[in-house]
Amino acid sequence: MAYNTSSDSENEIITTRPKLFGNEKPIHEVLGGGKVADILLWRDKNISAALLVGMTIIWFLFEVAEYNFVTLLCHISITTMLVLFIWSTIADILKWKGPQIPDIILQESFFHDVASILHRRFNQLLPMLLHISCGIDLQLFLLIIVSLYILSVIGTYFSLFNMLYIGLLCMQTLPIVYERYEEDIDNLFGETMLVLRRKYRRFNKNYLNKIPRGPVKEKKTQ
(Lines give C-alpha, C1' and ligand atoms only; values in the text may rest on other atoms or scores of the structure.)
Protein backbone atom coordinates (compact mmCIF):
# COMPACT_ATOMS: atom_id res chain seq x y z
CA MET A 1 0.00 0.00 0.00
CA ALA A 2 2.87 2.39 0.74
CA TYR A 3 4.18 1.88 -2.81
CA ASN A 4 0.81 2.79 -4.30
CA THR A 5 0.65 5.93 -2.21
CA SER A 6 4.06 7.04 -3.47
CA SER A 7 3.04 6.28 -7.05
CA ASP A 8 -0.18 8.26 -6.68
CA SER A 9 1.77 11.15 -5.23
CA GLU A 10 4.15 11.20 -8.19
CA ASN A 11 1.23 11.00 -10.64
CA GLU A 12 -0.27 13.98 -8.89
CA ILE A 13 2.89 15.98 -9.55
CA ILE A 14 2.83 15.07 -13.24
CA THR A 15 -0.58 16.69 -13.66
CA THR A 16 0.83 20.01 -12.43
CA ARG A 17 3.84 20.35 -14.69
CA PRO A 18 5.46 23.77 -14.14
CA LYS A 19 6.33 26.29 -16.87
CA LEU A 20 9.65 28.06 -17.04
CA PHE A 21 8.25 31.46 -16.04
CA GLY A 22 5.23 30.13 -14.14
CA ASN A 23 2.70 32.10 -16.17
CA GLU A 24 1.27 32.54 -19.65
CA LYS A 25 2.94 35.89 -20.38
CA PRO A 26 4.96 36.08 -23.62
CA ILE A 27 8.70 36.43 -23.23
CA HIS A 28 8.54 40.01 -24.58
CA GLU A 29 6.39 41.10 -21.61
CA VAL A 30 8.56 39.16 -19.15
CA LEU A 31 11.57 41.19 -20.35
CA GLY A 32 9.74 44.48 -19.82
CA GLY A 33 8.05 44.94 -23.18
CA GLY A 34 10.10 48.03 -24.14
CA LYS A 35 13.19 48.93 -26.14
CA VAL A 36 15.37 46.58 -24.09
CA ALA A 37 13.07 43.64 -24.84
CA ASP A 38 13.19 44.47 -28.55
CA ILE A 39 16.99 44.43 -28.47
CA LEU A 40 17.24 41.16 -26.53
CA LEU A 41 14.73 39.49 -28.88
CA TRP A 42 16.45 40.91 -31.98
CA ARG A 43 13.37 42.88 -33.06
CA ASP A 44 15.80 45.71 -33.91
CA LYS A 45 18.54 43.68 -35.56
CA ASN A 46 20.88 46.62 -36.28
CA ILE A 47 21.12 47.71 -32.63
CA SER A 48 21.26 44.12 -31.35
CA ALA A 49 24.06 43.21 -33.77
CA ALA A 50 25.95 46.44 -33.00
CA LEU A 51 25.72 45.78 -29.26
CA LEU A 52 26.97 42.21 -29.67
CA VAL A 53 29.84 43.20 -31.97
CA GLY A 54 30.81 46.11 -29.72
CA MET A 55 30.90 43.97 -26.57
CA THR A 56 32.85 41.27 -28.43
CA ILE A 57 35.46 43.80 -29.54
CA ILE A 58 35.76 45.19 -26.01
CA TRP A 59 36.08 41.67 -24.58
CA PHE A 60 38.77 40.81 -27.15
CA LEU A 61 40.78 43.95 -26.39
CA PHE A 62 40.69 43.45 -22.61
CA GLU A 63 40.94 39.66 -22.30
CA VAL A 64 42.89 38.60 -25.40
CA ALA A 65 44.96 41.65 -26.29
CA GLU A 66 45.24 42.47 -22.55
CA TYR A 67 44.69 46.18 -23.00
CA ASN A 68 44.60 48.42 -19.94
CA PHE A 69 41.41 50.46 -19.68
CA VAL A 70 43.18 53.85 -19.50
CA THR A 71 45.47 52.92 -22.39
CA LEU A 72 42.56 51.75 -24.51
CA LEU A 73 40.55 54.88 -23.74
CA CYS A 74 43.48 57.13 -24.71
CA HIS A 75 44.15 55.21 -27.94
CA ILE A 76 40.48 55.40 -28.93
CA SER A 77 40.45 59.14 -28.23
CA ILE A 78 43.66 59.70 -30.22
CA THR A 79 42.36 57.68 -33.18
CA THR A 80 39.00 59.47 -33.15
CA MET A 81 40.61 62.92 -33.01
CA LEU A 82 43.02 62.06 -35.86
CA VAL A 83 40.20 60.76 -38.05
CA LEU A 84 38.09 63.86 -37.38
CA PHE A 85 41.08 66.14 -38.03
CA ILE A 86 41.91 64.47 -41.36
CA TRP A 87 38.25 64.39 -42.37
CA SER A 88 37.77 68.07 -41.49
CA THR A 89 40.95 69.11 -43.33
CA ILE A 90 40.03 67.20 -46.50
CA ALA A 91 36.47 68.57 -46.32
CA ASP A 92 37.80 72.16 -46.19
CA ILE A 93 40.10 71.58 -49.17
CA LEU A 94 37.52 69.79 -51.34
CA LYS A 95 34.57 71.89 -50.13
CA TRP A 96 32.82 68.85 -48.71
CA LYS A 97 30.55 68.75 -45.73
CA GLY A 98 32.57 68.45 -42.54
CA PRO A 99 32.04 65.91 -39.75
CA GLN A 100 29.03 66.52 -37.55
CA ILE A 101 28.47 64.85 -34.20
CA PRO A 102 24.77 63.98 -33.70
CA ASP A 103 23.07 65.64 -30.74
CA ILE A 104 21.65 62.33 -29.51
CA ILE A 105 23.77 59.25 -30.20
CA LEU A 106 21.54 56.89 -28.22
CA GLN A 107 17.92 57.43 -27.31
CA GLU A 108 17.27 58.37 -23.71
CA SER A 109 14.34 55.94 -23.60
CA PHE A 110 16.81 53.05 -23.82
CA PHE A 111 18.53 54.03 -20.57
CA HIS A 112 15.17 54.72 -18.93
CA ASP A 113 13.96 51.25 -19.89
CA VAL A 114 17.14 49.63 -18.54
CA ALA A 115 16.95 51.54 -15.26
CA SER A 116 13.23 50.80 -14.90
CA ILE A 117 13.69 47.06 -15.47
CA LEU A 118 16.66 46.84 -13.07
CA HIS A 119 14.78 48.80 -10.40
CA ARG A 120 11.65 46.66 -10.75
CA ARG A 121 13.59 43.38 -10.71
CA PHE A 122 15.64 44.53 -7.69
CA ASN A 123 12.49 45.40 -5.74
CA GLN A 124 11.07 41.97 -6.59
CA LEU A 125 14.29 40.19 -5.67
CA LEU A 126 14.74 41.58 -2.15
CA PRO A 127 11.39 40.38 -0.67
CA MET A 128 11.87 37.06 -2.47
CA LEU A 129 15.32 36.54 -0.92
CA LEU A 130 13.96 37.43 2.52
CA HIS A 131 11.10 34.96 2.09
CA ILE A 132 13.47 32.20 0.94
CA SER A 133 16.03 32.88 3.68
CA CYS A 134 13.39 32.44 6.38
CA GLY A 135 13.16 28.77 5.40
CA ILE A 136 9.45 28.87 4.61
CA ASP A 137 10.02 27.03 1.32
CA LEU A 138 12.80 24.58 2.21
CA GLN A 139 12.95 23.09 -1.28
CA LEU A 140 13.56 26.47 -2.90
CA PHE A 141 16.01 27.41 -0.12
CA LEU A 142 18.18 24.35 -0.79
CA LEU A 143 17.97 24.93 -4.55
CA ILE A 144 19.20 28.53 -4.21
CA ILE A 145 22.04 27.47 -1.88
CA VAL A 146 23.21 24.79 -4.32
CA SER A 147 22.91 27.16 -7.30
CA LEU A 148 24.95 29.87 -5.56
CA TYR A 149 27.62 27.34 -4.62
CA ILE A 150 27.84 26.11 -8.22
CA LEU A 151 28.11 29.74 -9.39
CA SER A 152 30.90 30.38 -6.88
CA VAL A 153 32.83 27.37 -8.21
CA ILE A 154 32.37 28.57 -11.80
CA GLY A 155 33.55 32.03 -10.72
CA THR A 156 36.93 30.63 -9.68
CA TYR A 157 37.66 29.69 -13.32
CA PHE A 158 36.49 32.91 -15.00
CA SER A 159 37.33 36.56 -14.46
CA LEU A 160 34.57 39.06 -13.75
CA PHE A 161 34.81 40.50 -17.25
CA ASN A 162 34.53 37.04 -18.83
CA MET A 163 31.44 36.28 -16.74
CA LEU A 164 29.89 39.62 -17.75
CA TYR A 165 30.56 38.84 -21.40
CA ILE A 166 29.11 35.33 -21.07
CA GLY A 167 26.10 36.87 -19.35
CA LEU A 168 25.63 39.28 -22.24
CA LEU A 169 25.84 36.44 -24.75
CA CYS A 170 23.20 34.54 -22.78
CA MET A 171 20.97 37.63 -22.63
CA GLN A 172 21.17 38.06 -26.40
CA THR A 173 20.72 34.41 -27.34
CA LEU A 174 18.58 32.61 -24.72
CA PRO A 175 15.47 34.87 -24.94
CA ILE A 176 15.17 34.56 -28.72
CA VAL A 177 15.83 30.80 -28.55
CA TYR A 178 13.09 30.48 -25.90
CA GLU A 179 10.68 32.55 -28.01
CA ARG A 180 11.18 30.26 -31.02
CA TYR A 181 11.13 26.94 -29.12
CA GLU A 182 8.94 27.89 -26.15
CA GLU A 183 6.85 24.70 -26.07
CA ASP A 184 9.83 22.34 -26.31
CA ILE A 185 11.79 24.24 -23.64
CA ASP A 186 8.78 24.35 -21.30
CA ASN A 187 8.31 20.58 -21.71
CA LEU A 188 12.00 19.94 -20.98
CA PHE A 189 11.90 22.28 -17.98
CA GLY A 190 8.71 20.60 -16.72
CA GLU A 191 10.21 17.12 -16.97
CA THR A 192 13.38 18.27 -15.17
CA MET A 193 11.38 19.88 -12.36
CA LEU A 194 9.26 16.74 -11.97
CA VAL A 195 12.38 14.62 -11.53
CA LEU A 196 13.84 17.09 -9.01
CA ARG A 197 10.56 17.22 -7.07
CA ARG A 198 10.42 13.44 -6.84
CA LYS A 199 13.99 13.30 -5.57
CA TYR A 200 13.29 16.08 -3.07
CA ARG A 201 10.19 14.28 -1.78
CA ARG A 202 12.21 11.12 -1.19
CA PHE A 203 14.98 13.15 0.50
CA ASN A 204 12.41 15.00 2.61
CA LYS A 205 10.68 11.75 3.61
CA ASN A 206 13.88 9.83 4.40
CA TYR A 207 15.93 12.57 6.09
CA LEU A 208 14.37 16.00 6.65
CA ASN A 209 11.18 14.73 8.25
CA LYS A 210 13.24 12.73 10.74
CA ILE A 211 14.94 15.86 12.11
CA PRO A 212 13.38 16.62 15.52
CA ARG A 213 11.61 19.95 15.73
CA GLY A 214 10.31 21.86 18.72
CA PRO A 215 6.60 22.47 19.24
CA VAL A 216 5.14 25.34 17.24
CA LYS A 217 3.65 27.97 19.53
CA GLU A 218 0.37 29.46 18.42
CA LYS A 219 0.04 33.21 18.52
CA LYS A 220 -2.42 34.48 21.08
CA THR A 221 -5.32 36.41 19.61
CA GLN A 222 -6.98 39.12 21.60
Results of side-chain hydrogen bond (donor to acceptor under 3.5 Å, both in side chains) for [X] - residues two or more places apart only:
X    : value
Y181 : none
R180 : none
D184 : none
D44  : K35

Roughly how far, to the nearest 0.5 Å, is the [atom2] atom of [Y] from the [atom1] atom of [X]?
X    : Y    : atom1 : atom2 : result
W87  : D92  : CH2   : CG    : 12.5 Å
L41  : Q172 : CG    : CD    : 10.5 Å
L51  : N46  : CG    : CG    : 12.5 Å
T79  : H75  : OG1   : NE2   : 8.0 Å
M171 : L168 : CE    : CG    : 6.5 Å
M163 : C170 : CE    : SG    : 10.0 Å

message: Who clusters with L188? Use side-chain heavy atoms, under 4.5 angstrom, across I, L, V, M, F, W and Y, and order the result by chain and number.
response: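 None; L188 is a cluster of one.
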
- prompt: Other than L164, which residues form its hydrophobic cluster under the rule that side-chain heavy atoms must be closer than 4.5 Å?
  reply: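 Members other than L164 - counting any ILVMFWY side chain reachable under 4.5 Å - are L160.
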
Please report, to 0.1 Å, the donor-acceptor pairs under 3.5 Å made by any side chain of residues 55-64, with sequence neighbours excluded.
from, atom 1, to, atom 2, distance (Å)
T56, OG1, L52, O, 2.7
T56, OG1, Y165, OH, 2.9
W59, NE1, N162, OD1, 2.6
E63, OE2, S159, OG, 3.4

Do [X] and [Y] share a hydrophobic cluster (ILVMFWY, side-chain heavy atoms under 4.5 Å, transitive)?
X    : Y    : value
F161 : V53  : yes
L73  : Y67  : yes
L148 : Y200 : yes
I78  : L72  : no

message: Could you check whether any side-chain N or O of S152 sits under 3.5 Å from a backbone N or O of Y149, counting only pairs where one atom can act as donor and the other as acceptor?
response: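 Yes.
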
message: Under a 3.5 Å distance rule, please check whether T173 uses its side chain to pair with a backbone N or O of L169 as donor and acceptor.
response: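 Side chain of T173 to backbone of L169: a pair is present.
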
Side chain to side chain contact (heavy atoms under 4.5 Å, CB included) partners of [X], counting only residues at least two apart:
X    : value
I93  : T89
T80  : I76, L84
Y157 : V153

- prompt: With sequence neighbours excluded, what pairs up with F85 under the ring pair (Phe, Tyr, Trp, His ring centres under 6.0 Å) test?
  reply: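 Not a single residue meets the ring pair (Phe, Tyr, Trp, His ring centres under 6.0 Å) criterion with F85.
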
field: Closest approach of W42 to A49 (non-hydrogen atoms, all atoms of both residues)
entry: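 Looking at all heavy atoms of both residues, the closest pair is CZ3-N, 3.7 Å.
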
- prompt: Does R43 have any salt bridge (Lys or Arg N to Asp or Glu O under 4.0 Å) partners at least two apart in sequence or in another chain, and if so, which?
  reply: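 R43: salt bridge (Lys or Arg N to Asp or Glu O under 4.0 Å) contacts with E179.
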
